[in-house]
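These numbers were taken from a predicted model, which means no experiment stands behind them. Below, all heavy atoms of this structure are taken into account, side chains as well, without hydrogens, waters or symmetry copies.
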Amino acid sequence: MAKELMQIEIDSGLKKEFLECINHAYKGKTEEGIIDLIRIYVERAKGSPRQKEIKSKVQQFVFEGDAKSGITPLEIEKLVLNKTDEDIEAARLDKSK
């Protein structure tokens with residue numbers, strides 16, 4: 001993994017408040033806290049469907065589709081909870097025990 005220096009210009013008041021929050025949550029490990037926040041943001045942005053995508057799918061399959069075709073409960077679970085078929089099957093098997 002290559003590392004790079006990242007610099008940004010922000011309002012000094014915002015910077016002070018942000019660093020206070022990071023220092024409080026990460027017990028003075030400011031750089032580690034900022035890196036964790038960046039990592040969390042990227043993982044959430046890539047991993048979970050956005051509200052706009054969910055609304056689009058619901059509009060497409062529920063409101064515009066014909067009566068026999070539509071979004072199934074399984075598809076809703078996969079879309080909203082960002083699950084794979086394997087995750088759903090594993091949860092079903094766990095419940096049956």
### Task
Rounded to the nearest 0.5 Å, what's the gap from CE on M6 to CD1 on I35? Could you check?
10.5 Å

### Message
Using 0.5 Å steps for rounding, measure from the CG atom of L37 to the CD1 atom of I22.
### Response
4.0 Å

### Summary
Sorted by chain and number, sequence neighbours left out, side-chain contact (heavy atoms from CB on, under 4.5 Å) with L14 holds for D11

### Task
Among residues two or more places apart or on two chains, list those pairs meeting salt bridge (charged side-chain N to carboxylate O under 4.0 Å, His left out) that have a residue in residues 32-42.
D36-R39

### Message
As an exercise, state the distance from CD1 of I10 to CD of E17, rounded to the nearest 0.5 Å.
### Response
10.0 Å

### Message
For E31, is the CD atom crowded, meaning more than 12 foreign heavy atoms sit under 6.0 Å from it?
### Response
no

### Query
At what distance, to the nearest 0.5 angstrom, does OG1 of T30 lie from CZ of F18?
9.0 Å

